[in-house]
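Reviewing the structure listed below.
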Amino acid sequence: MQQIISLDRLQSAQRVLFIFDLAFKDFLSIQSYLFEFSKRYPSIKIDLWVNANCECFFGHRQSFKEKLFIEFLQECSFINKFYFNTCYAKNFKNICAQARALNYSIIVILSEQNHCRNIKLAKKINKNKFLFITT
């Protein structure tokens, strides 16, 4: 497992938020990393913010693939908290407030696209903390 965050930062962290765009094939590629991370740093709680690839229109319903993916994620015992349904305007403010309340000291963006959107999101959650972007 490659170290992407300094040991000093990790030792002081209680929670890490990983921001991820919804795509099952991409999650499978990072699932092993998150699992190894949880084994190496068992005192750190891993939380996952999942950006659904949906249009933000009222009345959008989750597809069967999205529901199946969410159920799969919820079975990953090494992930402490999930943030879902973030594309709905009425939920977004509440979900951001929940994330801000947890005061994440490290936010990691795992998505290969939508960097600008995810950086803005990370700053809404906690603008003063360490942000790491993978490519």
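Note that CG of Leu102 and OH of Tyr83 are 4.0 Å apart. Values are rounded to the nearest 0.5 Å. Annotation: the span from Leu17 atom CG to Ile109 atom CD1 amounts to 9.5 Å, rounded to 0.5 Å. With rounding to the nearest 0.5 angstrom, the CG atom of Leu121 is 5.0 Å from the CH2 atom of Trp49. Atom CZ of residue Arg117 and atom CG of residue Asp21 lie 4.5 Å apart, to the nearest 0.5 angstrom. Once rounded to the nearest 0.5 Å, the distance linking CG of Leu110 with CZ of Phe18 reads 6.0 Å. Taken to the nearest 0.5 Å, the CD1 atom of Ile44 stands 4.5 Å off from the CG atom of Leu10.
Put simply, the side chain of Arg100 gets close to the backbone of Lys124: a donor and an acceptor are under 3.5 Å apart.
The stretch residues 72-85 participates, sequence neighbours left out, in no salt bridge (charged side-chain N to carboxylate O under 4.0 Å, His left out) pair at all.
Listed here is the closest heavy atom pair of Ile125 and Tyr104: CG2-CD1, 4.1 Å. Taking every heavy atom of both residues into account, Ser105 and Arg15 meet most closely at OG-O, 3.9 Å.
For Gln14, there are no side chain to side chain contact (heavy atoms under 4.5 Å, CB included) partners at least two apart in sequence or on another chain. Not counting sequence neighbours, the partners of Lys123 by the side chain to side chain contact (heavy atoms under 4.5 Å, CB included) test are Ile119, Lys127. Every residue was checked against the side chain to side chain donor-acceptor pair (under 3.5 Å) condition with Asn94, not counting sequence neighbours, and none meets it. Shown here are the side chain to side chain contact (heavy atoms under 4.5 Å, CB included) partners of Gln11, two or more places apart in sequence or in another chain: Leu7, Asp8. Shown here are the side chain to side chain donor-acceptor pair (under 3.5 Å) partners of Asn118, two or more places apart in sequence or in another chain: Asn51.
Note: Phe35 and Phe78 have perpendicular aromatic rings, judged against thresholds of 30 and 60 degrees for the angle between ring planes. Using bins of under 30°, 30° to 60° and over 60° for the plane-to-plane angle, the ring pair Phe84/Phe82 lands in the parallel bin.
At least one side-chain heavy atom of Asn80 sits less than 4.5 Å from a side-chain heavy atom of Asp47.
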